[in-house]
Enquirer: 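Got a structure for you, questions after.
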Amino acid sequence: MERLQKVIAASGISSRRKAEELIVDGKVKVNGKVVTELGTKVSGKDIVEVNGKVISKEEKEYYLLNKPRGVITSTSDDKDRKTVVDLINTKARIFPVGRLDYDTTGLILLTNDGEFANIMMHPKNQIDKVYIAKVKGLIKGEQINKLKEGITLDNQLLKASRVKLRKTNLETNTSIVEITIHEGKNHQIKRMFESVGFPVLKLKREREGFFQLENLKSGEYRKLTPKEVQTVYSQKNK
Ligand code: URA
């Protein structure tokens, strides 16, 4: 038995909060009778109608997108900017798993499966998030070690689990660094590089767990396979 508002939200027609409003407003029927009680529980055998239409459970969907620059990682935007959800052709109420900044590119997963999102994001699952950062300046071993040891900023320890210098360019005075983190704190990579004196000029996420960009071009996406989804579930609490 599940709460009525949860069942309505799981059908994809509204958020849980909006579902509560629908119930209170008398728009919801269970087995033909209007129900306005928020605590009502229903089972899979009960027929739930919202505004006269019978609802059914929304299928779970999973996508891997190569996020372009200039797109926000959100389901909607008050300034009407394009969101990652706008790039996916689906009617399901999907949302991004974690976030990338407006100017960050690369791999982002989207789904309507909250549990899948939790597994991917929870720091205890130690899922690698691998970024390629182009930074201003010629970075050296000393700064790389600092990134690995961790930097405390605003009472948060920001730490890289791996850092590899890929290239330095004396002419443009820039470095390309591969950096792996397990959390996804706000602007984490940019703040870490900034604090060792190497501002990030460009940032791209290349890998998240076993997911890679492969040959997806900017703005392209693909569905995850059932096997990939299963593998994520098998990593829970490992
Ligand atoms: N760290 C950042 O600073 N920005 C991102 O978009 C992702 C990680």
Side-chain angles (χ1 to χ4, degrees), residues 62-79 81-88 94-111 116-137 139 143-167 174-214 216-221 232:
Y62 308 85
Y63 298 93
L64 189 166
L65 168 72
N66 184 352
K67 177 192 172 296
R69 185 183 290 264
V71 174
I72 69 158
T73 305
S74 173
T75 50
S76 64
D77 183 46
D78 49 13
K79 294 190 207 123
R81 290 172 298 183
K82 197 172 244 188
T83 73
V84 285
V85 172
D86 294 335
L87 298 177
I88 313 278
I94 57 167
F95 55 87
V97 178
R99 53 165 297 179
L100 294 177
D101 295 335
Y102 189 64
D103 58 354
T104 300
T105 62
L107 193 155
I108 183 129
L109 299 170
L110 297 105
T111 183
F116 175 93
N118 284 340
I119 298 169
M120 289 304 296
M121 284 195 294
H122 205 293
K124 80 172 178 228
N125 292 325
Q126 301 266 302
I127 297 202
D128 282 349
K129 296 173 178 78
V130 183
Y131 294 84
I132 308 298
K134 181 178 183 183
V135 301
K136 189 159 176 253
I139 201 162
Q143 288 98 21
I144 288 183
N145 286 338
K146 268 198 196 156
L147 295 168
K148 287 199 255 193
E149 281 160 19
I151 300 151
T152 303
L153 287 172
D154 307 326
N155 285 327
Q156 285 182 319
L157 178 69
L158 306 181
K159 196 169 170 338
S161 63
R162 233 172 310 133
V163 186
K164 252 201 290 194
L165 178 60
R166 282 204 181 171
K167 256 201 290 216
T174 55
S175 312
I176 307 284
V177 186
E178 180 186 311
I179 177 164
T180 304
I181 56 175
H182 288 153
E183 320 87 349
K185 300 198 177 104
N186 224 3
H187 311 304
Q188 180 163 348
I189 304 276
K190 290 178 186 165
R191 284 158 68 208
M192 289 173 77
F193 277 107
E194 185 80 47
S195 78
V196 292
F198 291 79
V200 171
L201 302 173
K202 265 186 175 179
L203 190 61
K204 178 181 191 173
R205 181 152 68 192
E206 263 200 351
R207 180 162 78 75
E208 186 170 8
F210 59 85
F211 295 108
Q212 288 188 291
L213 277 177
E214 292 153 16
L216 285 178
K217 297 198 182 77
S218 175
E220 286 185 347
Y221 64 90
V232 168

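The basis for the numbers below is simple: all heavy atoms, side chains too, and nothing from hydrogens, waters or symmetry mates. Treat the numbers as computed from the prediction; the structure is a model and nothing was measured. As the structure lists them, so they are numbered: ligands from 1, and atoms in each ligand from 1.
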Enquirer: For Phe95, check ring-ring contact (aromatic ring centres under 6.0 Å, His included) against everything at least two apart and list the hits.
Expert: none
Enquirer: Under a 4.0 Å heavy-atom cut-off, what residues line ligand 1?
Expert: Leu100, Asp101, Thr104, Tyr131, His187, Gln188, Ile189, Lys190, Leu203
Enquirer: Taking 4.0 angstrom as the limit, do Glu206 and Arg166 come out as a salt bridge?
Expert: yes
Enquirer: Lys79: what forms a side chain to side chain contact (heavy atoms under 4.5 Å, CB included) with it, not counting sequence neighbours?
Expert: Asp77, Arg81
Enquirer: Side-chain polar contacts of residues 150-161 - donor-acceptor pairs under 3.5 angstrom, sequence neighbours left out - could you list them?
Expert:
| residue | atom | partner | partner atom | Å |
| --- | --- | --- | --- | --- |
| Gln156 | OE1 | Arg191 | NH2 | 3.3 |
| Lys159 | NZ | Lys148 | O | 3.3 |
| Ser161 | OG | Thr180 | O | 3.3 |

Enquirer: Under the criterion ring-ring contact (aromatic ring centres under 6.0 Å, His included), which of Tyr221, Phe211, Phe116 is the partner of Tyr62?
Expert: Phe116
Enquirer: Would you mind telling me which of Lys202, Lys190, Lys204 makes a salt bridge (Lys or Arg N to Asp or Glu O under 4.0 Å) with Asp103?
Expert: Lys190
